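Notes to accompany the following structure.
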Amino acid sequence: MAAVAVGGFVGPLLLVALGVVLPAVLAGVIGQLARLTLLLSLPIAISAVLVNVFFFPGGETVLLRLGPITATAEGLVFALEILVRILAISGAITLFYLTTRPAELVVDLERRGVSPRVAFVASASVQTVPAMVERAGQITAAQRARGLDTEGSAWRRVRGIVPIVGPVILGAIGEVEERTMALEARGFTRPGRRTLLWWPPDSAWERVLRWAVALAVPVLIVARVAGWLTWLP
Amino acid sequence: MTELVAEELVHVYREGGVRALDGVSLRIGAGERVALIGQNGSGKTTLVRHLNGLLRPTSGRVLVDGADAATLTVAQLARTVGLVFQDPDRQIFAPSVRDEVEFGPRNVGLAGAELRAAVANALAATGLAEAASVNPYDLGGSRRKLLALAGVLAMRTPVLVLDEPTTGQDARGVERVRALIDEAHRSGRTVLTVSHDMRFVAETADRVIVMRQGRVVLDGTPAEAFGPDAWEVLRSTHVEPPLPARVGHRLGLASIATDASLLDALREGAPGAGERPQ
């Protein structure tokens, strides 16, 4: 959110360096973060850059002509601004995913008074992706063992989508039902507050940092609206 | 007739760096009926997934009928080695039982009358002929497991690998799986079963291979593998010999592994056999 508020591309880049890259280095997940962020953002980043560089409305400084389409400097600058925002958003989401244990997230949300149902939905969302990837891997192996050719031509690969995606979706639906019953059986829907036996440690400097980040966002929005950040390219 | 050979097979999983296979060498001859046993994580499933190329060795090699499996795709190997996975719900996708069974044989090139015959035989053998038009998800868990088995049986592969075929089966289901293995054996197919059900292993295998921590620690007949001399090895991989082997040992009988052999030994004059308890 701060990266969008700041404007330009130097400000968001600084925010990415301070808010995403530095914590990722400290947490020892920078390699995974780089890979996953690229995977997440590459398709949308490529299309955003191409569209803005070649079709930016009002672009006057011509950099390159390719038949009827023209790349402009104004389009390139705008594309860079979009690019760093995409990197900031996908980087922040990936960092959260890589450094947050679902169980700790649920406990902490409940400790702060969030309903167990809402906390569970948050946790399930974080857990769903790796579980689906693991399930898809096993299903692919089972179908390949029955002769499904996933290494052949593009057409053969397309033909392989239904036998793989079908069980992934059916299994996920079945799992939701099983999980719901297992939760019910353990009194999940019982009304009232829960007694927590444990919650994640939350040191004083972590609290200070969190509040600082929370305050920085409205401050940056005000600064942007007031025109105090025009010196940043 | 297909022979399977593993030579100094090593497999290290990228995630976690676990050395799941640590120099496995073995030869399974054509038409053999083999059981692979050992504790969870001993490398059984990793080993069988090398036989059809789903996993590739970190070092060493697998030969399927003399051909290096590394030079063949999984789709090519699937024509020779049919692998039935433990969890049927991780493969069923078709709208009917018949369509589900047809998937594998179609992939390996069966068509027309040959395909129809293979599917009909597999459905009959698994007791699913009457359910051919039913949606697979309307079957119970035990029958879905038999459906997964039918899907691979219909591929008519010379090698059949079954991963935990009796898990979740009631006595009737276990009996049906046992009959399927016997039939596959009689028709000359090689059958390799991964199982934790020692009674089933003793009664369906001619050869038992015991694995521990990625290595083969015992390889012999059921009588050898479940005999008292092997118990120390079995204990080290958390495998309990079948009841007849333990009862036979307590009665001072020769090494036996099945209910039938225990009864035979008792009839032939075990100490106290035939006497009424006082």
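Residue numbers begin at 1 in each chain, while the letters A, B, ... track the order of the sequences. Everything quoted here is computed from the prediction, not taken from an experiment. The figures here come from the full heavy-atom set of this structure, side chains too, leaving out hydrogens, waters and symmetry mates.
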> When rounded to the nearest 0.5 angstrom, what distance separates CZ in A/Arg146 from CZ in B/Arg106?
Replying inline: 12.5 Å
>> I'd like to know which of B/Val84, B/Val161, B/Thr73 tops the heavy-atom pair count under 4.5 Å against chain A.
In response: B/Thr73
>> Check this for me: B/Arg98, atom CZ, are more than 12 non-hydrogen atoms of other residues, nucleotides or ligands nearer than 6.0 Å?
In response: no
> Is the number of heavy atoms from other residues, nucleotides or ligands within 6.0 Å of CZ (A/Arg117) greater than 12?
Replying inline: no
> So which part of A/Leu170 gets closer than 4.5 Å to some heavy atom of chain B, the side chain, the backbone, both or neither?
Replying inline: side chain
>> Counting only non-hydrogen atoms closer than 4.5 Å, does B/Gln86 touch chain A with its backbone (N, CA, C, O), its side chain (CB onward), both, or neither?
In response: neither
>> Using a 4.5 angstrom heavy-atom cutoff, name the option from A/Gly166, A/Ala141, A/Gly171 with the most pairs to chain B.
In response: A/Ala141
>> For chain A, which candidate among B/Leu83, B/Ile92, B/Asp89 shows the most heavy-atom pairs at distances under 4.5 Å?
In response: B/Ile92
> Does A/Trp198 CH2 have over 12 foreign heavy atoms under 6.0 Å away?
Replying inline: yes
> When rounded to the nearest 0.5 angstrom, what distance separates CZ in B/Phe85 from CD in A/Gln138?
Replying inline: 8.0 Å
>> Between B/Asn52 (side chain only) and A/Ala145 (backbone N and O only), is there a donor and an acceptor less than 3.5 Å apart?
In response: no
> Considering residues, nucleotides and ligands other than B/Gln213, do more than 12 of their heavy atoms fall under 6.0 Å from its CD?
Replying inline: no
